Amino acid sequence: MPDDLRLALAKSKFKRRVFEEFKRRNLEEEEKHRDKWHRALKTCSERRTALKNLKFPVVIQPDAFISSPRKLREVADLPSLPSTYTVSATGITSPASGTKSIEQEIDLCQLNSEQIARVHDATFTENIMIWAKEQEIVAVVAIRYKDGAEDKLVTNTKRKADEDEDENRLSSLPIREGKKARMVINEHNGIIEGTGEADGSEMDLDM
């Protein structure tokens, strides 16, 4: 075999080995990065799930800013009245007054991360430590509304009340099964006023 042909074959084999080695190392690096990415996604998902499952106690006391479950529903923009539970406190630690001994029943309500975020957005808050029997509870105390927050909450509350009223009006319409139901809509304000024949615009619903 001529030397030049032998040399060309040797170069070709060498290039092929280099290419195969380069390809192998790339595949290994890709696999490492893929594993790291999957682990990061799993960790992120686990932390997100853990955060959603976290509960944040909020103090509800007659002499506090949040004096009732109804007030907390307004501040946190909750869909319904929250449930509460009571702890027997033997001491409280707060940034303003430090630690003091008390004998007092304190009502608390647990909110999730999204709900407590709305409390922080709407009010000035502080965290306190409640010393109860065989447990230490870090709870949130709302102090007062932030500027403009109350007006925004009142608007949202009124809007939801109007939506609930419309739903209740619609659900109260007498619709007979297997018949055509006629809903009468006022031409001026678009509000459903009743059923049957009327002067307003009408819609037929095949049930």
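Because the structure is predicted, anything quoted here is derived from the model rather than measured.
- Under the 4.5 Å side-chain heavy-atom criterion for ILVMFWY residues, no single connected hydrophobic cluster contains both V140 and V87.
- Here the CD1-NZ distance, from I60 to K71, works out to 12.0 Å after rounding to the nearest 0.5 Å.
- The closest side-chain heavy-atom distance from Q61 to I106 is below 4.5 Å.
- Both F56 and I66 belong to a common hydrophobic cluster when Ile, Leu, Val, Met, Phe, Trp and Tyr are linked at side-chain heavy-atom distances under 4.5 angstrom.
- Between the side chains of T84 and D107, no donor-acceptor pair of N or O atoms lies under 3.5 Å.
- When side chains are defined from C-beta on, V58 counts as touching L72, because their heavy atoms get closer than 4.5 Å.
- K133 contributes no side-chain N or O that, together with a main-chain N or O of A89, makes up a donor-acceptor pair within less than 3.5 Å.
- E20 contributes no side-chain N or O that, together with a main-chain N or O of R17, makes up a donor-acceptor pair within less than 3.5 Å.
- Distance alone, capped at 3.5 Å, places no donor-acceptor pair between the S67 side chain and the D63 backbone.
- Taking the six-membered ring for Trp and the full ring otherwise, Y145 and F65 have centroids separated by under 6.0 Å.
- Residues S88 and E105 have side chains that bring a donor and an acceptor to within less than 3.5 angstrom of each other.
- The closest donor-acceptor contact from the side chain of R73 to the backbone of P79 lies under 3.5 Å.
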| task | Please assess T90 against I102 for the test side chain to side chain contact (heavy atoms under 4.5 Å, CB included), listing each intermediate value before the final yes or no. | result | CA-CA 5 Å; T90 58; I102 61 171; over 6 Å; no
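- Panel note: side chain T93, backbone G98; no donor-acceptor pair is recorded below 3.5 Å.
- Residues V119 and L54 share a hydrophobic cluster, clusters being chains of Ile/Leu/Val/Met/Phe/Trp/Tyr side chains in contact below 4.5 Å.
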